[in-house]
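Below is one structure; the comments refer to it alone.
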Protein chains: 2
Amino acid sequence: MDQVRRVGGKGGVGRRRGGRPTLEEVAARAGVGRGTVSRVVNGSQQVSPETKAAVEQAIAELGYVPDRTARALAAGLTDAVALVIPEPEERLFSEPYFAAIISGVSTELAAADKQLLLTLNRDAQERRRLGAYLSGHRVDGVLLVSVHEDEPLPDLLRQIELPAVLSGRRTAGEAVPYVDSDNVAGAREAVAHLAGRGRRSIATIAGPRDMYVGQARLAGYREALSSAGMRAREDLVAYGDFTEAGGRAAARELLAREPDLDAVFAASDLMAAGALRELRAAGRRVPEDVALVGFDDSAVARHTDPALTSVRQPAMEMGRAMVRLLLAEIAERSAEPPHLVLPTELVVRASS
Amino acid sequence: MDQVRRVGGKGGVGRRRGGRPTLEEVAARAGVGRGTVSRVVNGSQQVSPETKAAVEQAIAELGYVPDRTARALAAGLTDAVALVIPEPEERLFSEPYFAAIISGVSTELAAADKQLLLTLNRDAQERRRLGAYLSGHRVDGVLLVSVHEDEPLPDLLRQIELPAVLSGRRTAGEAVPYVDSDNVAGAREAVAHLAGRGRRSIATIAGPRDMYVGQARLAGYREALSSAGMRAREDLVAYGDFTEAGGRAAARELLAREPDLDAVFAASDLMAAGALRELRAAGRRVPEDVALVGFDDSAVARHTDPALTSVRQPAMEMGRAMVRLLLAEIAERSAEPPHLVLPTELVVRASS
DNA sequence: ATCACAACTGGGAGCGCTCCCAACGTACTC
DNA sequence: GAGTACGTTGGGAGCGCTCCCAGTTGTGAT
């Protein structure tokens, strides 16, 4: 029986390493020891040019590719990072924000030659299993997107000493490293823009109360009103859940409370799109009767009619920044959890 | 690049994730051998109930979580699957199709307790590195989305004997396992719908010629015309690249060739959205003057004004099916490359 | 009592790699 | 000449697990 060929895997499912050469074989062929090949592969300076050349030739001849699994086991580092998105799929579909984050993360990770493990966690049950997953030593760090205030995962991760970075913070004083966009300033700018156009009765459709991002945008709304010398009226604030349906319901509510409102700032484009529909249904013209501004500058914003003025978040850049922060944390844990707040940009279109 | 490796090798202690218990420690605590613990963890029937209970208690007490890296190395199976999306990020953002595929894949993979490795490959250079990645023994199989006709990856994968499943096929006689939606039938239904509404001059904005999906939808268009007793006119076919801009340019072209066209079937919603803009700009009313149908039933379709009639692809289900096929291939390679073609559904809205 | 056979169980032998250390030059110094 | 320093190098000792093979025990048949 050939031990060389012998492969594991229960149920007879062969190990599929059809003769893939190992470090050892490269070493034999190059006439050097394992350690030397390892040094060459990992770019150590401690190898003489001639030896290096010989090893590289052997690698080329054999078509050797290092086994990352073995490397991970021996070195204790997996060179992989998990991206956790604890959201129902509807949002994943409709919010290009996620796609942009993923794209940014992917780009930056590829540059660092790290791998991306994607985890979509719809429900709490899956979330629980995730803990085991992550402690199963398969990733060096975790990227967490769209965390709710009561999300326990970040703390769990800290407990098992797995570096993590959030996109967005759970609270104002977030204790875990994060990257966020300047939601307060973005909202402020949007509302100031509305005020600047002479709108006097500016309502807002805020995000969920249990998400910092919702609170922040609402705070920006209030700040802008106050700066413009307007009184903040609680009856001009309605809450939505970032969905189109939620936005529509919120708009209906606002219209009922204040039929004369002449502007709406929605904390997401999807909610703005819902509001747009409701305003239309209620016979309001946009922007003539009611100006409308959204948040996210998503594809939806460009396709409504009229196209939505919206606050652009640098989602892709946020993804990249998250990775940079995470890799730094993996290399060396910093004493203070670092964070980064990126600026937003108001994109003015026909709706305001 | 990784000089500051954190311990390992010798001394036994000091490894990265502090006191995570090992199989061996569980064995010691339960007073059994390693093999027995392994059997319990992997659900073997060959363990007496008492022993099993003892081991399970030890596992619970110690909070033991198997190390997947070690398992992968020893067993030769990684329990991970790569999802490769060789697309520029623009499409990833704008086409909810990808998000839906990802979501389906993720769901099905989670159910099988497998991990999802996501790889976005913008350019050919990254694509090349991918080969090494994949042969680096980190995944048991590969899911490939949106493959162009000249994509070499599937064949490369077959060469290194890594099971793969495509979403969509490269050619009519695809030799690699795939899951596809019935593009021909979908297009046929869309065009038949247009003909059924009395449209006589039905143009199409087809997808890229080098993608099977483009060809298939074009074929469906022709079949439907022929079934309706209409002559296929080549001047009523324009090609786009699945983007909005491409759709707009194609619509301009069509309008120039045949000002009297009264319907357009676009091979994607994004192209339909572009066409809608161009039709408007050219003074045509939709649907009164020109009826319009898209493909994909994406979020865009719902947000244009009028909302687009579109062909829905079961993208999420396709993702799930891909995983099922792949897992089957991993378990046991089938002689004939299996494939699955899922039905589409016409969603009629205001544009037609 | 003996034997055959099954049901269990322990632990050796790796999987392919990284780490580290001792050992080897070689080139200087004193 | 011995002594010191340093740049290289080979290979032992694991990393935590699975696989598999010999036990070991228990059971029923002879």
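Reckoned from all heavy atoms, side chains included, excluding hydrogens, waters and symmetry mates. These numbers come from a predicted model, not from an experiment.
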Send over the distance from [X] [atom1] to [N] [atom2], rounded to a whole Å.
X      : N       : atom1 : atom2 : value
L23(B) : dC19(D) : CG    : C1'   : 13 Å
E25(A) : dC15(C) : CD    : P     : 10 Å
L77(A) : dT18(C) : CG    : C1'   : 11 Å
N42(B) : dG16(D) : CG    : P     : 17 Å
R34(A) : dC17(C) : CZ    : C1'   : 8 Å
I59(A) : dC17(C) : CD1   : C1'   : 13 Å
L73(A) : dC15(D) : CG    : P     : 9 Å

Review item, nucleotides 4-9 of chain D N/O atoms under 3.5 Å of protein N/O:
{"residue": "dT9(D)", "atom": "OP1", "partner": "S48(A)", "partner atom": "OG", "Å": "3.0"}
{"residue": "dT9(D)", "atom": "OP1", "partner": "T51(A)", "partner atom": "OG1", "Å": "2.2"}
{"residue": "dT9(D)", "atom": "OP2", "partner": "S48(A)", "partner atom": "N", "Å": "3.0"}

Side-chain donor/acceptor contact of R68(B) with base of dG16(D) under 3.5 Å: no
Donor/acceptor link under 3.5 angstrom from R20(A) side chain onto base of dG16(C): no
For [X], give me all partners under side chain to side chain donor-acceptor pair (under 3.5 Å), at least two apart in sequence or on another chain.
X       : result
R29(A)  : E61(A)
H148(B) : D210(B)
T78(B)  : D140(B)

Short side-chain N/O contact to dT18(D) OP1/OP2 from S38(B), under 4.0 Å: yes
dT18(C) phosphate, OP1 or OP2, under 4.0 Å from R71(A) side-chain N/O: yes
Test: [X] and [Y] ion pair at under 4.0 Å:
X       : Y       : answer
R324(A) : E317(A) : yes
R138(A) : D79(B)  : no
R320(B) : E108(B) : yes

For Q159(A), all residues meeting side chain to side chain contact (heavy atoms under 4.5 Å, CB included), sequence neighbours excluded: none
Polar contact flag, side-chain donor to acceptor under 3.5 angstrom, E149(A)-T171(A): no
Under 3.5 Å side-chain donor-acceptor pair for T51(A) and S48(A): yes
End axis versus end axis in the helix from dA1(C)-dT30(D) to dC30(C)-dG1(D), the angle rounded to 10°, five pairs used at each terminus: 60°
Side chain of Y64(A) (C-beta onward), nearest among dC17(C), dC19(C), dC17(D): dC17(C)
